[in-house]
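Below is one structure; the comments refer to it alone.
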Amino acid sequence: VEPFGVSRDSNGAFFIADFRQSHRVIRLNLETKRADYLSAHGFIVEQKPLAAGSGPGQFNMPHSIAFSPEGNILVTEFGGQRLQLFTKTGQFMGVYQRVPSKGPNQDEVRFLSNPLPAPLPVTGVLSGPATAFYGPDGNIYVADYSSHSIQKISPRGEFLGRLGAA
């Protein structure tokens with residue numbers, strides 16, 4: 001295990017972003033001493049390290065975990081350059097991911113139920129998401145390491161702005 005981020009849900013379970021070697025998100029219940037892993041189809045008991053992936057429920061350097069007001073699970077992927085969203089029971093909902101636009105350095109963020117197969121070249125929007133949280137306004141705030149900025153994204157996936165360098 002190479003933990004990078006840890007969060008706790010409203011039920012007291014710990015979620016650990018296993019960053020570089022295993023590319024997985026671990027849910028740990030301290031009362032039952034049970035660990036399971038987040039996948040596209042809920043939580044599984046699989047314990048072997050996983051290769052980095054770009055499909056639903058696959059991770060490429062998961063960095064942090066946040067929880068929406070409804071309890072949904074948001075995972076930032078530094079290597080995947082995206083945010084994956086799951087229900088509180090672990091069912092894949094979609095990704096916040098950059099999509100190409102018409103001009104240079106004008107890529108947009110969209111909420112997609114089917115992720116794009118690979119990250120786009122770095123342009124500044126979700127180019128290295130490190131941590132994220134839900135603000136009181138319901139929007140998602142992302143600390144993006146690669147663009148040296150804090151980015152604001154609506155729950156629908158609209159890029160609302162940035163604070164810092166681009």
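Throughout, numbering of the chain's residues begins at 1 and tracks the sequence. It should be emphasised that the depicted structure is a prediction, and the values quoted were computed from it without experimental measurement.
Listed for the Asp18 side chain is a donor-acceptor partner under 3.5 Å among the backbone atoms of Glu2. Between the Ser22 side chain and the Arg24 main chain, no donor and acceptor come within less than 3.5 Å of each other. Proximity of a side-chain donor or acceptor of Asp144 to a complementary backbone N or O of Ser127 within less than 3.5 Å is detected. Side chain of Asp137 to main chain of Asn139: a donor-acceptor pair is present (N/O by atom type, distance under 3.5 Å, no hydrogens or angles). Judged purely by atom type and a 3.5 angstrom limit, Gln151 uses its side chain to pair as donor or acceptor with the backbone of Leu126.
Counting heavy atoms from C-beta outward, Phe67 and Ile73 have side chains that approach closer than 4.5 Å.
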- Under the side-chain contact (heavy atoms from CB on, under 4.5 Å) rule, what do Val45 and Arg34 come out as? Steps first, then yes or no, please. CA-CA 9 Å; Val45 183; Arg34 180 178 170 213; 4.2 Å; yes
- Kindly indicate, with the supporting measurements, whether the criterion side-chain contact (heavy atoms from CB on, under 4.5 Å) is fulfilled by Leu38 and Phe59. CA-CA 10 Å; Leu38 188 58; Phe59 301 102; 4.1 Å; yes
- Step-by-step side-chain contact (heavy atoms from CB on, under 4.5 Å) determination, Phe15 to Ile26: CA-CA 6 Å; Phe15 284 72; Ile26 304 165; over 6 Å; no
- Query: Hey, mind stepping through His23 and Met61 against side-chain contact (heavy atoms from CB on, under 4.5 Å) and telling me if it holds?
  - Reply: CA-CA 5 Å; His23 303 284; Met61 297 182 181; 4.0 Å; yes
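With 3.5 Å as the limit, one finds a donor-acceptor pair spanning the side chains of Ser154 and Glu158.
Contact detail for Ala40 and Pro56: the closest heavy-atom pair is CB-O, 3.2 Å. Of all non-hydrogen atoms in Ala17 and Pro62, the two that sit nearest each other are CB-O, 3.5 Å. Closest approach of Gly5 to Ile65, counting heavy atoms only: O-CD1, 4.3 Å. The nearest pair of heavy atoms linking Thr32 to Asn29 is N-OD1, 3.1 Å. Among all heavy-atom pairs drawn from Phe92 and Ser113, the shortest one is CE2-O, 3.2 Å. What you find for Gly138 and Pro155 is that their closest heavy atoms are O-CG, 3.1 Å.
Note on Leu112: it clusters hydrophobically with Phe86, by side-chain heavy-atom contacts below 4.5 Å among ILVMFWY residues. Criterion: ILVMFWY side-chain heavy atoms under 4.5 Å apart, direct or through other members. Under it, Ile150 and Tyr145 are not part of a common hydrophobic cluster. Linking ILVMFWY side-chain heavy atoms closer than 4.5 Å, directly or via other members, places Ile16 and Leu30 in a single hydrophobic cluster. Grouping the Ile, Leu, Val, Met, Phe, Trp and Tyr side chains by contacts below 4.5 angstrom, directly or via other members, places Phe159 with Leu74. Under the 4.5 Å side-chain heavy-atom criterion for ILVMFWY residues, no single connected hydrophobic cluster contains both Tyr96 and Leu160.
Taking the ring centroids of Phe78 and Phe4, they lie at or beyond the 6.0 Å cut-off.
To the nearest 0.5 Å, atom CZ of residue Arg162 and atom NZ of residue Lys152 are 14.0 Å apart.
The list of side-chain hydrogen bond (donor to acceptor under 3.5 Å, both in side chains) pairs with a residue in residues 63-77, not counting sequence neighbours, reads Ser64-Thr76, Ser68-Glu70, Glu77-Arg82, Glu77-Gln84.
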